[in-house]
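Side chains included, hydrogens not; waters and symmetry mates left out as well; all remaining heavy atoms used.
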Amino acid sequence: MKAFEIEGGNPLVGEVQVPGSKNAALAILSSVLLVDGSVTLHNVPELSDTRIKAELLRRFGAVVEWREGTMFIDCRNIHESDADEETVRSIRTSFYLLGPLLARTKRVVLPAPGGCQIGARPVDFHLKGLALMGASVSLDGGNYIAECDKLQGAEIYLDFPSAGATQHLMATATLANGITTIQNAATEPEVTALADFLNRSGARVEGAGSNCITIQGRDALENSEFRVPSDRCQAATYLLGGVITGGKVTTTQIDPEHQTALVSKLREAGAEIEEGPNWITAGAINRLESIRVKTMPYPGFPTDYQQPMAAALALAEGVSVIEETIYESRTGHVSELNRMGAKMHPEGRSVMIEGVQELKGATVKASDLRAGAALVLAGLAASGTTVVKNIQYIDRGYQDFEQTLSRLGGKIQRVNLPESDLVREESNS
Ligand code: EPU
């Protein structure tokens with residue numbers, strides 16, 4: 001079992017060129033199946049989730065080559081999948097393949113999806129939207145079976161602006177007959193990135209980034225080339241790394257407009273922030289002050305940042321509150337940060353954080369991707385040695401994490417835990 005071993009207490013200082021966005025890449029990699037031809041995707045982040053997605057595409061007949069961040073994908077010969085259930089279940093966005101495949105092949109059998117365990121994560125909005133477009137979808141023995149001769153444009157209203165449902169339905173509608181509208185659509189930058197990719201491939205998508213998206217269906221999408229924009233979640237993590245360690249980190253190749261919520265909450269807490277056209281610098285000279293944070297759909301404070309933010313607020317002066325409104329149980333970081341000396345009290349979906357002067361190194365376990373990032377940040381700021389286990393979660397979403405943090409001055413390395421630790425670990429599970 002691999003783990004991160006961190007010697008805390010070194011300020012992170014320097015610049016990070018932020019890699020491509022995981023969540024944009026995963027959505028685009030589902031939609032490439034709509035293209036009866038070839039797609040060249042630049043800046044695809046090298047992560048376990050994108051590797052699994054590439055493997056899934058191959059199982060459906062796509063030819064995928066990946067060289068130095070660029071993926072060459074040929075989706076001319078799509079066929080029924082021979083993907084095993086475990087691979088499909090290992091990432092949530094495997095489900096976004098359903099609509100595009102259905103549009104291409106008229107019948108799809110796909111095991112139900114998985115992903116990080118941070119709440120129930122149902123797919124009912126996706127299913128309702130596909131049904132409105134004329135698809136018949138049933139669940140049988142853990143597999144979704146979808147059938148439709150030709151998808152029809154539809155008026156779709158989402159009960160909640162779900163990023164995934166917006167992306168899935170918007171992409172699928174590009175090959176439906178006629179016009180589809182999605183009301184109460186998600187406005188996340190990853191939705192806009194997907195719309196940009198689809199339009200580059202000849203689709204007619206308007207309004208992405210607003211809460212009403214209109215898609216004029218076409219018979220086929222065309223060969224295209226596209227660059228995945230940078231990852232705002234990775235950028236936010238490095239910025240918080242600058243703040244929590246009392247250092248100064250600049251993230252480049254980013255769109256500062258996507259970080260408005262983070263920047264304004266960090267300023268409110270007293271962090272030092274500078275911004276330019278495509279960069280942000282964040283650090284802290286003094287101890288942060290306590291603040292209240294409430295996660296909301298974009299442009300609200302992103303749920304994906306609240307766990308790393310909690311690590312920073314664990315060291316703030318006074319009592320902070322983080323209210324999670326998107327997921328039911330995104331609090332896996334709390335007990336582990338408390339092992340490091342934090343004073344965090346979960347109350348339903350909220351966490352009350354009594355700031356402490358110091359965190360102390362400890363052996364802790366990541367429960368999900370962003371909880372893992374929070375523990376690494378805490379370890380970098382803590383005194384002594386922190387060992388973060390379950391780093392397979394972190395590998396889902398951070399490219400070259402330990403190398404990047406080391407370049408910034410962090411003391412972090414990937415280690416193999418000795419056999420005796422493994423035995424103890426198993427008996428605890
Ligand atoms: N929801 C439903 N029914 C649905 C779909 C969603 O009730 O059919 C609910 C979810 O249970 C959740 C809320 O709607 O409570 C929002 O979920 P959303 O669909 O927006 O999330 P997602 O598309 O599954 C993506 C990101 C997440 C990120 C959320 C919110 C990917 C692969 N994942 O998930 O990223 O937290 O949007 O921005 O794009 C991460 O990167 O750590 C991560 C979890």
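Residues S367 and G332 approach most closely at OG-CA, 3.2 Å, considering heavy atoms. Across every non-hydrogen atom of E85 and P111, the tightest pair is CG-CB, 3.8 Å. When every heavy atom of V243 is checked against every heavy atom of A271, the shortest pair comes out as CG2-CB, 4.1 Å. The heavy-atom pair separating G241 from L377 by the smallest distance is CA-CD2, 3.7 Å. Taking each heavy atom of A163 and V191 in turn, the nearest pair found is O-CG2, 4.2 Å. Contact record, M170 with A195: CE-N, 3.6 Å, taken as the closest heavy-atom pair.
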- Please assess I353 against V321 for the test side chain to side chain contact (heavy atoms under 4.5 Å, CB included), listing each intermediate value before the final yes or no. CA-CA 6 Å; I353 305 169; V321 176; over 6 Å; no
- Message: Walk me through whether H258 and E188 qualify under side chain to side chain donor-acceptor pair (under 3.5 Å).
- Response: CA-CA 9 Å; H258 297 164; E188 267 72 3; over 6 Å; no
- Message: Run the side chain to side chain contact (heavy atoms under 4.5 Å, CB included) test on F4 and E402 for me, step by step, so that the C-alpha distance in whole Å, both residues' side-chain angles and the decisive distance to 0.1 Å come before the verdict.
- Response: CA-CA 8 Å; F4 283 136; E402 68 269 34; 3.5 Å; yes
- Task: Any chance you could lay out the side chain to side chain contact (heavy atoms under 4.5 Å, CB included) test for V364 and M340, step after step, and finish with the verdict?
- Result: CA-CA 8 Å; V364 288; M340 299 177 71; 4.0 Å; yes
- R330 and T303: side chain to side chain donor-acceptor pair (under 3.5 Å), yes or no, with the steps? CA-CA 9 Å; R330 210 169 196 182; T303 170; 2.7 Å; yes
- Query: Going through the checks in order, is the side chain to side chain contact (heavy atoms under 4.5 Å, CB included) test met by I273 and I280?
  - Reply: CA-CA 7 Å; I273 312 278; I280 298 178; 3.9 Å; yes
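Salt-bridge annotation for R204 and E206: absent, with no side-chain N of the basic residue lying under 4.0 Å from a carboxylate O of the acidic one. Looking at K248 and E274, a side-chain N of the basic residue comes within less than 4.0 Å of a carboxylate O on the acidic one, giving a salt bridge. R267 has no carboxylate O lying under 4.0 Å from a charged side-chain N of E272, or vice versa, which leaves the two without a salt bridge. K128 has a carboxylate O that lies under 4.0 Å from a charged side-chain N of D159, or vice versa, which qualifies the two as a salt bridge. Salt bridge status for E55 with R51: absent, with no side-chain N to carboxylate O gap under 4.0 Å.
In this structure, CG on L26 lies 10.0 Å from CG on L97, to the nearest 0.5 angstrom. Note: D304 CG to Y327 OH = 6.5 Å, rounded to the nearest 0.5 Å. Here CD1 of I28 is found 8.5 Å from CD of Q167. Values are rounded to the nearest 0.5 Å. Distance OG/S201 to CG/D196: 10.5 Å, rounded to 0.5 Å. Expressed to the nearest 0.5 Å, how far CZ of R370 lies from CE of M309 amounts to 15.5 Å. Note that the CD atom of E15 and the OG1 atom of T281 stand 8.0 Å from one another [nearest 0.5 Å].
For the side chain to side chain contact (heavy atoms under 4.5 Å, CB included) test with Q17, the passing option among T404, T251, T252 is T252; the others fail.
With a 4.5 Å cut-off on side-chain heavy atoms, T180 and L169 do not count as touching. Residues T250 and V16 form no side-chain contact, since every pair of their non-hydrogen atoms from C-beta on lies 4.5 Å or further apart. Two residues are said to be in side-chain contact when any heavy atoms from C-beta on lie closer than 4.5 Å; P297 and I326 meet this criterion. Using a 4.5 Å cut-off on side-chain heavy atoms (C-beta onward), L47 and D395 make no contact. Annotation: side chain of Q307 is in contact with side chain of D368 (closest heavy-atom distance under 4.5 Å). Looking at heavy atoms from C-beta onward, T181 lies out of side-chain contact with I156 at the 4.5 angstrom threshold. You'll find the side chain of L33 reaches within 4.5 Å of the side chain of L57, heavy atoms only. No side-chain heavy atom of I6 sits under 4.5 Å from any side-chain heavy atom of T385.
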Donor-acceptor contacts under 3.5 Å from residues 233-240 side chains, at least two apart:
{"from": "Q234", "atom 1": "OE1", "to": "Q399", "atom 2": "N", "distance (Å)": "3.3"}
{"from": "Q234", "atom 1": "NE2", "to": "D231", "atom 2": "OD2", "distance (Å)": "3.3"}
{"from": "Q234", "atom 1": "NE2", "to": "G397", "atom 2": "O", "distance (Å)": "3.4"}
{"from": "T237", "atom 1": "OG1", "to": "C233", "atom 2": "O", "distance (Å)": "2.8"}
{"from": "T237", "atom 1": "OG1", "to": "Y398", "atom 2": "OH", "distance (Å)": "2.7"}

Atom pairs and distances, side-chain donor-acceptor, residues 284-291, under 3.5 Å, sequence neighbours left out:
{"from": "R287", "atom 1": "NE", "to": "L315", "atom 2": "O", "distance (Å)": "2.9"}
{"from": "R287", "atom 1": "NH2", "to": "A316", "atom 2": "O", "distance (Å)": "3.0"}
{"from": "R287", "atom 1": "NH2", "to": "V356", "atom 2": "O", "distance (Å)": "3.2"}
{"from": "S290", "atom 1": "OG", "to": "E317", "atom 2": "O", "distance (Å)": "3.3"}

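For N199 (side chain) and V205 (main-chain N/O), a donor-acceptor pair under 3.5 Å exists by modelled atom type. No donor-acceptor pair closer than 3.5 Å links the side chain of T363 to the backbone N or O of V387. A donor-acceptor distance shorter than 3.5 angstrom exists from the side chain of N338 to the backbone of M344, with no hydrogens or angles considered. One N or O on the side chain of H168 and one on the backbone of G99 form a donor-acceptor pair closer than 3.5 Å. Side-chain atoms of S162 come within 3.5 Å of backbone N or O of A165 as a donor-acceptor pair. At least one donor-acceptor pair under 3.5 Å links the side chain of N184 to the backbone N or O of L158. A donor-acceptor contact shorter than 3.5 Å is absent between the side chain of R232 and the backbone of Q259. Counting only distance, with no hydrogens or angles, the side chain of R349 and the backbone of T325 share a donor-acceptor pair below 3.5 Å.
Heavy atoms of other residues, nucleotides or ligands lying less than 6.0 angstrom from CD of E257 number 12 at most. Within a 6.0 Å radius of CZ in R414, other residues, nucleotides and ligands contribute more than 12 heavy atoms. Other residues, nucleotides and ligands contribute over 12 non-hydrogen atoms within 6.0 Å of the NZ atom of K265.
For F125, the ring-ring contact (aromatic ring centres under 6.0 Å, His included) test picks out no residue, with sequence neighbours left out. Listed by chain and residue number, R218 satisfy the salt bridge (charged side-chain N to carboxylate O under 4.0 Å, His left out) test with E222 (two or more places apart in sequence, or in another chain).
There is no side-chain donor-acceptor pair under 3.5 Å between K53 and S94. When only modelled atom types and interatomic distance are considered, S230 and Q253 share no side-chain donor-acceptor pair under 3.5 Å. Side-chain atoms of E358 and S383 include a donor-acceptor pair closer than 3.5 Å.
Pairs of residues two or more places apart, or lying in two chains, that qualify as ring pair (Phe, Tyr, Trp, His ring centres under 6.0 Å) and include a residue from residues 191-217 are F197-F226. Within the structure, side chain to side chain donor-acceptor pair (under 3.5 Å) contacts touching residues 31-48 (residues at least two apart or in different chains) are D36-R104, H42-T70, H42-E225.
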